[in-house]
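Report on the structure given below.
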Amino acid sequence: MAPMTRSRSPGGVPGPDVAAYYARRAAGGIGLIITEGTWIDHPAAGNRTEVPRFYGEDALAGWAGVLHAVHEAGGKIMPQLWHIGMTRPPGTGFNPAAPSVGPSGLVFSEAGKPCVQASEPLSQSGIDKLVEAYASAAESAQRLGFDGIEIHAAHGYLVDQFLWSVTNRRSDAYGGDMSGRVRFATEIVRECRRRTGPGFPICFRFSQWKSGDYDAQVVTSPAELGQMVEPLVEAGVDLFHCSVRRYWEPGFPGSDLSLAGWTRKLSGKPVITVGSVGVDQIFIRATMEGEGYQAKAASLDRLLEMLEAGEFDLVAVGRALLANPDWAIKVRDGAFGELAPYTPQSRETFY
């Protein structure tokens with residue numbers, strides 16, 4: 001199950017309804033659930049108080065309930081650890097007075113528009129505190145009994161802001177070419193690994209695209225992708241989650257390999273693919289077409305071909321699972337005619 005923000009945890013505390021939501025998908029045949037993004041313990045981590053926290057006794061007790069429900073239903077579950085960096089609007093979240101933070105203090109809005117300088121670049125002490133917050137969350141996940149963690153380094157959020165040259169204009173050890181831009185991510189992974197030991201899975205989710213630029217590129221070639229994933233593997237990443245909008249598209253010109261395929265080839269680690277799995281419409285059309293939008297069940301033939309060819313090891317499913325909690329069972333049994341289409345109402349209900 002792919003991570004999908006729900007905003008259904010008042011005060012950042014997941015309740016019984018959250019536990020039931022995830023347990024229903026585990027009972028429906030999903031082997032691994034990656035939760036919606038959860039805020040790490042940092043004043044400027046997030047912009048909404050209804051998105052769950054992964055710190056504090058009350059929130060962690062709520063997550064213990066979610067974990068128990070999923071395990072009872074036969075599933076595995078990892079929390080996704082999240083900080084949105086400079087995409088956080090001023091005055092929002094649990095600490096409205098806290099300034100938003102990022103590698104260079106730059107806010108990116110959309111393709112073709114220049115970044116806006118909104119704050120000072122992060123200091124070394126600020127970076128160290130963020131690394132500590134991620135590692136503390138990893139420790140909590142292991143202590144509670146979660147089956148691993150996922151570090152959210154995609155879609156223009158904090159870790160991605162370090163990886164992307166557009167938002168990282170630093171001239172110190174955390175900037176410059178990819179060897180510098182990946183340093184913050186590797187420090188997070190290395191400290192999470194140190195705190196949890198060698199047997200606790202660490203997944204790293206990254207993307208090329210940003211919410212304001214679907215054509216953005218963090219890496220422009222397989223060689224640069226290698227420069228990113230190799231130090232992450234050395235730091236302790238066990239699994240890469242390659243977020244694309246359409247799983248079947250080539251990762252780079254001149255090659256048929258997907259981004260997941262290239263990542264697997266260059267890292268030697270298992271990878272997850274995601275992006276329009278099982279649906280025939282891209283998500284952005286939901287905002288354009290509104291109530292008239294439907295994403296109907298789509299063929300999985302190409303997905304199976306790529307899986308059998310060894311391009312990826314796991315497949316993350318998003319919208320199809322919102323409309324069909326038992327999607328995996330129906331697909332396994334060949335009951336494609338019983339799959340409900342995804343609509344905006346599916347997203348609003350999150351049943």
Side-chain angles (χ1 to χ4, degrees), residues 1-26 33-70 77-102 107 130 133-134 136-137 140-141 144 146 149-161 205 210-212 243 283-284 286-287 290 316 318-319 321-323 325 342-351:
M1 181 175 183
M4 291 174 281
T5 299
R6 302 186 67 233
S7 299
R8 297 293 196 277
S9 298
V13 179
D17 58 324
V18 177
Y21 164 79
Y22 286 118
R24 189 172 184 189
R25 272 80 189 168
I33 291 170
I34 301 174
T35 75
E36 62 209 280
T38 67
W39 304 137
I40 61 170
D41 188 6
H42 185 270
N47 59 337
R48 281 174 282 174
T49 58
E50 297 80 18
V51 171
R53 295 178 276 120
F54 208 80
Y55 64 90
E57 291 184 9
D58 52 351
L60 292 178
W63 280 116
V66 174
L67 174 68
H68 176 75
V70 168
I77 184 169
M78 296 179 174
Q80 186 189 68
L81 308 182
W82 194 20
H83 191 301
I84 65 174
M86 294 302 299
T87 67
R88 170 182 169 266
T92 61
F94 289 103
N95 302 280
S100 298
V101 299
V107 175
L130 285 160
Y134 279 100
S136 177
S140 294
L144 289 173
F146 277 87
I149 59 167
E150 177 170 281
I151 296 167
H152 194 345
H155 308 159
Y157 298 120
L158 178 66
V159 181
D160 191 21
Q161 289 163 22
R205 189 182 215 218
K210 322 299 167 200
S211 58
S243 180
F283 178 71
I284 190 64
T287 61
R319 288 169 290 154
L321 268 179
L322 296 183
Y342 170 87
T343 69
Q345 289 70 38
S346 304
R347 184 172 173 81
E348 291 165 8
T349 304
F350 287 108
Y351 61 91

Working note: Trp82 + Thr5, criterion side chain to side chain contact (heavy atoms under 4.5 Å, CB included); need CA distance, chi angles, decisive distance, verdict. CA-CA 11 Å; Trp82 194 20; Thr5 299; 3.7 Å; yes

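Of all non-hydrogen atoms in Val101 and His42, the two that sit nearest each other are CG2-CE1, 3.9 Å. Annotation for Ala153 and Val159: closest pair CB-CG1, 3.4 Å, computed over non-hydrogen atoms. When all heavy atoms of Ile151 and Tyr134 are compared, the pair lying nearest together is CG2-CE2, 4.4 Å. In terms of heavy-atom proximity, Tyr55 sits nearest to Ile40 at CE2-O, 3.3 Å.
Screening residues 88-102 for side chain to side chain donor-acceptor pair (under 3.5 Å), with sequence neighbours left out, gives Arg88-Ser100.
No side-chain heavy atom of Val107 sits under 4.5 Å from any side-chain heavy atom of Thr87. Side-chain contact check for Arg6 versus Glu36: some heavy-atom pair is nearer than 4.5 Å. Using a 4.5 Å heavy-atom cutoff, the side chains of Tyr22 and Thr35 are in contact. No side-chain heavy atom of Pro52 sits under 4.5 Å from any side-chain heavy atom of Val18.
The side chain to side chain donor-acceptor pair (under 3.5 Å) test applied to Tyr157 returns no partner, not counting sequence neighbours. By the side chain to side chain donor-acceptor pair (under 3.5 Å) test, Glu150 pairs with Gln80, His241, sequence neighbours left out. In this structure, the side chain to side chain donor-acceptor pair (under 3.5 Å) partners of Ser243, at least two apart in sequence or on a different chain, are His155. The side-chain contact (heavy atoms from CB on, under 4.5 Å) check on Ala69 picks up Ala19, Ala23, with sequence neighbours excluded. Listed by chain and number, the residues in a side-chain contact (heavy atoms from CB on, under 4.5 Å) with Ala26 are Ile33, Val70, Ala73 (sequence neighbours excluded). Listed by chain and number, the residues in a side chain to side chain donor-acceptor pair (under 3.5 Å) with His152 amount to none (sequence neighbours excluded).
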Donor-acceptor pairs under 3.5 angstrom involving side-chain atoms of residues 60-68: please list them, not counting sequence neighbours.
{"unit_1": "Trp63", "atom_1": "NE1", "unit_2": "Arg53", "atom_2": "O", "d": "2.9"}

Listing, residues 44-51 side-chain donor-acceptor contacts under 3.5 Å, not counting sequence neighbours, or none:
{"unit_1": "Arg48", "atom_1": "NH1", "unit_2": "Ser7", "atom_2": "OG", "d": "3.1"}

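The CD1 atom of Ile149 lies 9.5 Å from the OG1 atom of Thr38; values are rounded to the nearest 0.5 Å. For the atom pair CE of Met78 and CZ of Arg205, the computed distance is 13.0 Å after rounding to the nearest 0.5 Å. Distance check, rounded to the nearest 0.5 Å: CG of Leu130 to CG of Asp41 gives 10.5 Å.
Checked against the 6.0 Å centroid criterion, the rings of Phe146 and Phe54 qualify as a close aromatic pair.
Between Arg8 and Asp17, no side-chain nitrogen of the basic residue sits less than 4.0 Å from a carboxylate oxygen of the acidic one, so the salt-bridge criterion is not met.
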